[in-house]
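For reference, the structure discussed in these notes is given below.
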Protein chains: 2
Amino acid sequence: MATIYEVAALAGVSPATVSRVVNGQRVSEEKAALVRAAATELNFTPNRTARTLRRQNSEVIALVLPDIENPYFTSMARGVEDIARAAGYSVVLCNTDEDPVKEAKYLDIAISENMAGVILAPASDHTDLQHLIARGRPIVAVDRSTGFDIDGVMMNNRHGGISAAQTLVEAGYRRIACITGPKDIETAQERSVGWREVVTKAGMFDRPDEYLRYSTFRVDGGRSAMHELLALDNPPDAVVAANNLMGVGALQVLTEEGLTPPRFGVAVVGDLPFTTLSPASVSIVRLPVRHMGVTAARMLLERIDGDTQPARTVVLRNEIVPATAVGAPLV
Amino acid sequence: MATIYEVAALAGVSPATVSRVVNGQRVSEEKAALVRAAATELNFTPNRTARTLRRQNSEVIALVLPDIENPYFTSMARGVEDIARAAGYSVVLCNTDEDPVKEAKYLDIAISENMAGVILAPASDHTDLQHLIARGRPIVAVDRSTGFDIDGVMMNNRHGGISAAQTLVEAGYRRIACITGPKDIETAQERSVGWREVVTKAGMFDRPDEYLRYSTFRVDGGRSAMHELLALDNPPDAVVAANNLMGVGALQVLTEEGLTPPRFGVAVVGDLPFTTLSPASVSIVRLPVRHMGVTAARMLLERIDGDTQPARTVVLRNEIVPATAVGAPLV
DNA sequence: ATCGTTACAGAAATCGATTTCATGCACAAG
DNA sequence: CTTGTGCATGAAATCGATTTCTGTAACGAT
């Protein structure tokens with residue numbers, strides 16, 4: 001690959017002039033033409049490593065996510081990517097597997113690669129952002145909050161849990177259980193809080209938490225929790241799944257047991273993009289996840305452009321899509 | 001962030017010595033200890049941009065994929081990532097959206113960032129790899145082949161199409177249609193070729209291609225193609241979907257029309273990770289996609305380590321998982 | 001005692017761009 | 001004619017690491 005020096009030599013100008021042409025600074029049209037010809041001839045592309053080293057700022061933003069196999073996060077990634085690339089940035093996707101150690105490593109890399117900024121869905125509530133903040137790198141938290149005073153884009157998780165449970169109540173289910181994610185993940189907690197409020201207010205259980213299961217935010221997690229719930233002495237007749245993958249797991253178990261909705265009520269917080277369910281047998285709390293990505297990317301770009309206003313947190317609304325084909329509870 | 005000069009100053013040695021300690025070269029234990037102490041004190045992390053510029057080689061590999069929202073590719077990405085990070089490399093995921101222009105841009109970036117190598121699932125068969133090859137960057141093609149003499153990891157797509165169609169024949173379906181992807185995508189073509197062989201051999205149709213639909217490799221594509229097929233004068237009683245998303249689309253339409261399998265036979269080339277189908281009502285050709293990622297990453301790492309043997313192409317086997325709950329055709 | 005070898009470590013060059021600083025030229029104002 | 005202003009441009013410094021080159025000291029062999 002040609003360097004700026006070779007282009008300069010061929011064009012008969014100094015490297016500085018080549019740089020100015022490439023970066024759109026004032027250069028006489030005569031020399032600019034020479035440079036452009038030479039650049040085309042040698043097929044010159046500026047070396048980004050050198051540029052980044054000098055400018056102390058690369059045109060790459062890191063998107064650090066707990067699980068890239070989850071359509072929830074890939075959808076968010078699309079939102080981020082569309083905005084970022086329109087602004088000339090590339091996005092590198094980093095998968096933490098909900099592991100704070102991997103996460104820390106990626107954040108270090110983001111610093112030492114001089115990345116322009118970071119969009120982070122924290123793996124836990126202990127994520128340490130000191131280095132990044134000290135280094136002055138813009139960061140936006142998505143999906144989950146951090147203990148730090150940085151921009152964030154969240155959604156109203158408690159409200160999501162309430163909507164999901166409420167729609168099942170309205171459909172006539174009597175014993176609505178809940179399957180949620182790990183205790184140290186904020187979204188898991190809050191969605192179950194919403195569920196608990198509803199079932200408590202409805203006087204549904206003496207001890208609601210017997211019908212609450214914590215598990216992993218994965219299909220397996222939904223499956224095992226659903227099995228446990230069905231094995232209870234007095235099993236539920238409906239369930240709120242706190243994320244998409246758990247919802248899939250729960251539905252798989254129910255299908256296997258012949259308890260397809262609406263015989264057994266199911267409401268899921270999150271979309272199920274790849275299901276083949278009959279239309280609207282399951283209530284869905286649609287999460288504005290692509291839009292979260294878009295918003296986070298916009299906020300990050302503002303910061304990269306030097307915006308120094310105090311940290312903002314944007315909370316997006318979600319929207320319940322109730323099952324239309326609602327039937328009677330089983331028992 | 002501390003630089004190597006600051007560490008050197010604090011430790012009372014030269015930057016060269018600090019570099020040697022960091023990179024594990026011979027340094028007296030005495031000075032090494034001083035350097036380590038200083039590095040810890042200042043929380044030193046080498047600037048990767050500077051390192052990459054000097055070494056002409058970054059510890060990043062690019063994984064360029066047509067659709068990161070497809071679980072097929074995210075699963076592949078996981079395979080790549082697991083191997084790469086175990087070898088100390090990070091993986092940047094680039095989404096081309098099946099767009100050769102976006103793809104070309106990412107490949108240019110891979111060069112100008114001095115990335116260690118590229119794993120590419122080409123967006124079309126016109127992908128130009130001249131620059132990359134001229135630059136000597138290792139590349140491995142996955143999923144789809146290129147016109148260039150480079151390493152590749154493929155699977156036997158024709159065989160996948162044959163298996164899918166064959167299992168439906170054996171289940172007793174009489175008019176097996178096929179939904180496949182765009183004509184200029186090799187995997188789409190080959191899978192439909194496999195299907196055509198089977199239905200031709202079975203003497204199923206006078207003109208098989210009336211039961212073949214080309215569409216996009218997406219849920220929408222599967223939906224619209226399925227609608228078209230059902231609207232035929234003499235509609236099919238079964239369908240081979242050439243990828244997972246098309247399979248989902250087809251199944252959605254069938255579910256909506258009350259034609260749930262096994263009333264209507266469905267075989268899909270590719271896994272359906274997030275469905276809630278009753279067990280094994282659909283035949284699946286399991287594709288070794290994670291393993292493709294793993295294999296591609298291993299091959300790439302060998303090349304990065306300087307292996308110069310002639311280009312290899314590895315073809316992985318796939319495996320049919322027939323529907324167990326097979327019923328009679330509708331008509 | 002001298003020479004050769006090895007180990008260690010610092011000085012300086014290097015990677016390829018950007019950017020500051022300095023220079024020279026042209027043109028306008030005085 | 002002189003001075004001032006501004007613009008185009010090149011020379012050189014710079015970003016932060018790695019690596020080559022060079023020098024010195026120590027030690028063993030002759």
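A, B, ... follow the sequence lines: proteins, then strands. Residue 1 opens every chain.
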* Structure fact -> Whichever of Arg54(B) and Glu30(B) has the more 5' nearest nucleotide on DNA chain C, that residue is Glu30(B)
* Asked: Want to settle it: does Ser14(B) or Thr49(A) sit nearer the 5' end of DNA chain C, counting the closest nucleotide to each?
  -> Ser14(B)
Is the closest basic N to carboxylate O distance between [X] and [Y] below 4.0 Å?
{"X": "Arg144(B)", "Y": "Glu98(B)", "answer": "yes"}
{"X": "Arg290(A)", "Y": "Glu69(B)", "answer": "no"}
{"X": "Arg312(A)", "Y": "Glu302(A)", "answer": "yes"}
{"X": "Asp97(B)", "Y": "Arg78(A)", "answer": "yes"}

* Asked: Under a criterion of less than 4.0 angstrom to any heavy atom of chain B, what are the 5'-terminal and 3'-terminal contacting nucleotides of DNA chain D?
  -> dG16(D) to dT20(D)
* Asked: In terms of side-chain heavy atoms, does Tyr72(A) have a donor or acceptor partner in Asp143(A) at a distance below 3.5 Å?
  -> yes
* Asked: Out of curiosity, Leu287(B) CG to Met155(B) CE, how far, rounded to the nearest 0.5 Å?
  -> 4.5 Å
* Asked: What distance separates Arg51(B) CZ from Ile4(B) CD1, expressed to the nearest 0.5 Å?
  -> 8.5 Å
Using a heavy-atom cut-off of under 4.0 Å over every strand shown, decide if [X] touches base, sugar-phosphate, or nothing.
{"X": "Val27(B)", "answer": "sugar-phosphate"}
{"X": "Thr17(A)", "answer": "sugar-phosphate"}
{"X": "Ser28(B)", "answer": "sugar-phosphate"}
{"X": "Val13(A)", "answer": "sugar-phosphate"}

* Of Leu53(B) and Ala16(B), whose nearest nucleotide on DNA chain D comes first from the 5' end? -> Leu53(B)
* **side chain to side chain contact (heavy atoms under 4.5 Å, CB included) partner of Val7(A), the single match among Val18(A), Asn43(A), Thr40(A)** => Val18(A)
* **Single hit among Val80(A), Ile304(A), Val60(A), Ile83(A) for side chain to side chain contact (heavy atoms under 4.5 Å, CB included) with Tyr89(A)** => Ile304(A)
* Gap between atoms CZ and P, on Arg20(B) and dG10(C) respectively (whole Å) -> 8 Å
* To do: In whole angstrom, give the distance that lies between atom CD1 of Ile4(B) and atom C1' of dG10(C).
  => 13 Å
* Structure fact -> One would report the end-axis bend of the helix from dA1(C)-dT30(D) to dG30(C)-dC1(D), five pairs per end and rounded to 10 degrees, as 60°
